[in-house]
There are 2 protein chains.
Amino acid sequence: MTGTLMDPDTPFLAVDPATVQANIRRLRQHLDGLGVTLRTHVKTAKSVAVAALHDEGRPHPITVSTLAEAEAFADAGYRDIVYAVGIDPHKLPRVAALRARGVDLVALLDSVEQAAALPAGLPALIEVDCDGHRGGVQHDDPALLQIARTLVDGGAELRGVLLHAGESYYAIGDDALRAAAENERLTAVRAAEALRAAGHDVPVVSVGSTPTAHFAADLTGVTEVRAGNFVFFDLVMAGIGVCSLDDLALTVITTVIGHRPDKGWILTDGGWMATSRDRGTSRQRVDQGYGLVTNLDGHPYADLLMTDASQEHGVLSVRPGSSATLPDLPVGTRVRILPNHACATAAQHDHYQVTDPESPDHAIRAVWPRVRGW
Amino acid sequence: MTGTLMDPDTPFLAVDPATVQANIRRLRQHLDGLGVTLRTHVKTAKSVAVAALHDEGRPHPITVSTLAEAEAFADAGYRDIVYAVGIDPHKLPRVAALRARGVDLVALLDSVEQAAALPAGLPALIEVDCDGHRGGVQHDDPALLQIARTLVDGGAELRGVLLHAGESYYAIGDDALRAAAENERLTAVRAAEALRAAGHDVPVVSVGSTPTAHFAADLTGVTEVRAGNFVFFDLVMAGIGVCSLDDLALTVITTVIGHRPDKGWILTDGGWMATSRDRGTSRQRVDQGYGLVTNLDGHPYADLLMTDASQEHGVLSVRPGSSATLPDLPVGTRVRILPNHACATAAQHDHYQVTDPESPDHAIRAVWPRVRGW
């Protein structure tokens with residue numbers, strides 16, 4: 001017991017572990033039914049303690065976005081790690097050091113240049129593009145087979161293929177999301193088949209994004225699914241329809257420090273330093289500003305948004321066009337901000353205050369650190 | 001000597017102290033000519049070592065945005081500190097602890113509620129609004145005198161008034177910037193005169209923002225100017241015309257990790273985790289994306305921008321409409337990103353790699369930590 005949500009100076013992050021566990025359980029059950037492994041991307045929470053909510057602390061397969069995450073999770077006993085950012089050859093010594101500690105760290109690449117730089121014995125996944133979102137070769141590009149050949153000829157290990165349907169974050173409606181998931185699966189299977197036809201073993205066929213992971217109806221040919229955001233969810237995911245507002249496990253607690261009745265503003269001590277500059281919902285049907293505002297119990301104030309931010313100031317005001325009235329929140333009142341993008345908001349902080357939803361006085365049960373840097 | 005800019009794993013922040021010193025010298029000379037004190041806002045660099053570039057390490061008057069900054073600078077011997085975010089009464093014990101250490105920490109407020117909560121002996125500035133940007137009372141609002149009266153009656157000390165012309169960031173053209181500076185000055189002087197007419201001493205008349213600090217032509221009646229961004233500058237400030245690209249002291253170093261010739265993209269390992277999501281130039285005449293791209297020597301590639309970002313991936317491509325060709329940057333090439341907003345970009349990192357511009361091999365002379373959290 002380390003006080004309540006009224007004790008730490010604001011702004012700070014609060015996380016509800018019961019909601020995280022429910023979010024993990026939901027995705028696990030869905031993927032169990034489809035016969036694939038969940039390889040959670042720890043880039044969202046960057047916390048060994050949050051990851052421990054999967055299996056009561058026992059290590060499980062994970063995905064990382066930085067070697068700093070890999071090193072922190074290796075320290076905590078994790079041994080099955082995919083590093084899902086295209087490998088910069090300069091980082092290979094840290095990759096080798098992790099492997100020397102017994103971590104099965106798998107690298108990612110999408111070019112012959114990178115394949116030629118891999119040391120013998122290092123397992124690698126080839127990134128394949130399915131929607132033009134970011135990196136990756138096309139499943140039918142001869143480069144796919146050249147990369148595999150270069151990799152194997154150099155003594156590295158071809159572990160399989162990896163895809164990420166990043167454009168699914170902009171899909172609208174269940175049909176579009178199911179189609180994005182099926183496109184991701186089908187492209188992965190075709191890439192794997194092309195490699196197998198050329199004589200390669202392809203034990204791993206890895207796909208994933210939080211939207212496609214939840215909307216996949218069939219994952220035949222896929223061996224594992226990566227997703228990260230689902231542990232916390234956020235307003236972007238609620239806007240897509242992957243979760244409801246009740247599933248959001250992460251909030252920023254801020255304090256009212258002033259009022260501008262002439263402008264219809266309530267000012268808080270939570271600016272973009274606390275929420276990040278991420279405004280993901282600005283591209284969605286309903287723009288939620290910098291976030292929805294609730295009281296400490298999690299009940300939303302009618303149409304109250306954080307509509308603007310400077311470094312250490314937030315502006316709360318009523319959603320444009322709404323007839324709701326500004327609530328009476330005196331100086332010193334603490335409110336929660338539900339974030340646009342949990343990954344970006346959490347990155348602004350070093351710790352989570354862990355709340356107990358069963359506790360009527362908002363008891364803080366623990367303080368969990370986050371992994372920082374690269 | 002701790003290696004060169006080719007040594008640390010990317011992404012990381014690089015700072016050029018000679019450019020910082022030139023930026024400080026320029027603003028100091030301007031303000032010396034106007035007869036006012038510079039009270040640098042350390043929220044941008046959040047670094048005692050960067051602040052030490054003002055006066056060879058000797059403490060000078062500073063502004064802070066968090067008590068964590070105040071505490072770190074107090075540890076380094078700073079004693080003259082304005083905490084320029086409206087006071088949350090919950091934070092008063094930390095304010096008192098700093099004052100008990102001999103720090104002349106001055107609080108900010110803009111309501112009778114806050115004034116009534118101040119302990120006896122605490123000096124405070126009243127925030128006055130000059131452009132509808134954020135908090136503050138109007139200079140001719142009777143509330144100004146009520147706040148002053150409440151404060152003095154409770155035994156606190158009225159130190160003066162504080163204004164911030166935040167809308168100057170959106171001013172276009174030298175005339176508009178000069179007008180913003182004069183409006184900030186004139187409003188400050190009127191507020192101070194109103195307080196004096198009511199019998200109060202007003203020793204401090206504090207104004208400031210990086211644009212108005214540079215464009216002020218007359219500061220009669222003002223005692224000090226606050227500015228923060230000017231130590232590093234950034235693309236938003238260059239877009240306003242407060243600095244040139246050569247004045248930018250802060251860059252993010254990233255590495256090329258892939259190519260999408262079909263899309264006209266070069267992919268790097270520097271995403272929004274390294275640059276922040278801040279896209280301040282999107283509101284300016286020239287949108288610089290997530291930043292301009294230069295080589296390690298600081299020479300820009302023709303019309304090459306960081307045009308998109310995910311958490312750990314940056315996309316470099318040619319400015320829309322430009323006829324420039326994509327440069328040939330093999331995997332492993334390191335480039336610099338000039339940021340939109342130095343305050344937000346620096347906040348994504350824990351350290352600065354301090355470069356020596358006289359060194360042809362980009363030697364790193366030191367690693368300086370940043371203050372984190374609140």
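Residue numbers start from 1 in every chain, and the chains themselves are labelled A, B, ... in the order their sequence lines are given, proteins ahead of strands.
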query = Is the shortest side-chain N to carboxylate O distance from B:D9 to A:K91 below 4.0 Å?
reply = no
message = Between the side chains of B:R134 and A:D308, is the shortest nitrogen-to-carboxylate-oxygen separation below 4.0 Å, so that they form an ion pair?
response = no
Residue A:T66 versus chain B: region with a heavy atom under 4.5 Å =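 The answer is the side chain of A:T66.
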task = Sort A:Q138 into side chain, backbone, both or neither according to what part of it lies under 4.5 angstrom from a heavy atom of chain B.
result = side chain
For chain A, which of [options] has the most heavy-atom pairs under 4.5 Å?
{"options": "B:G373, B:A344, B:G332", "result": "B:A344"}
{"options": "B:K263, B:K43, B:R94", "result": "B:K43"}
{"options": "B:A84, B:G132, B:G271, B:S111", "result": "B:G132"}

Is there a side-chain contact between [X] and [Y], using heavy atoms and a 4.5 Å cut-off?
{"X": "A:I257", "Y": "B:I87", "answer": "no"}
{"X": "B:M273", "Y": "A:W374", "answer": "yes"}
{"X": "B:R372", "Y": "A:R372", "answer": "yes"}
{"X": "A:H259", "Y": "B:E113", "answer": "yes"}

Give, as side chain, backbone, both or neither, the part of [X] having an atom under 4.5 angstrom from any heavy atom of chain A.
{"X": "B:H351", "result": "neither"}
{"X": "B:P330", "result": "both"}
{"X": "B:S276", "result": "neither"}

query = Which distance, rounded to the nearest 0.5 Å, do you find between the CG of A:D262 and the CG of B:D129?
reply = 7.5 Å
request  = Mind checking the CG-CG spacing from B:D88 to A:D269? Nearest 0.5 Å is all I need.
outcome  = 5.5 Å
inquiry  = Does anything in residues 309-316 of chain B reach chain A? List residues with heavy atoms under 4.5 Å apart, or say none.
reply    = B:S310, B:Q311, B:E312, B:H313
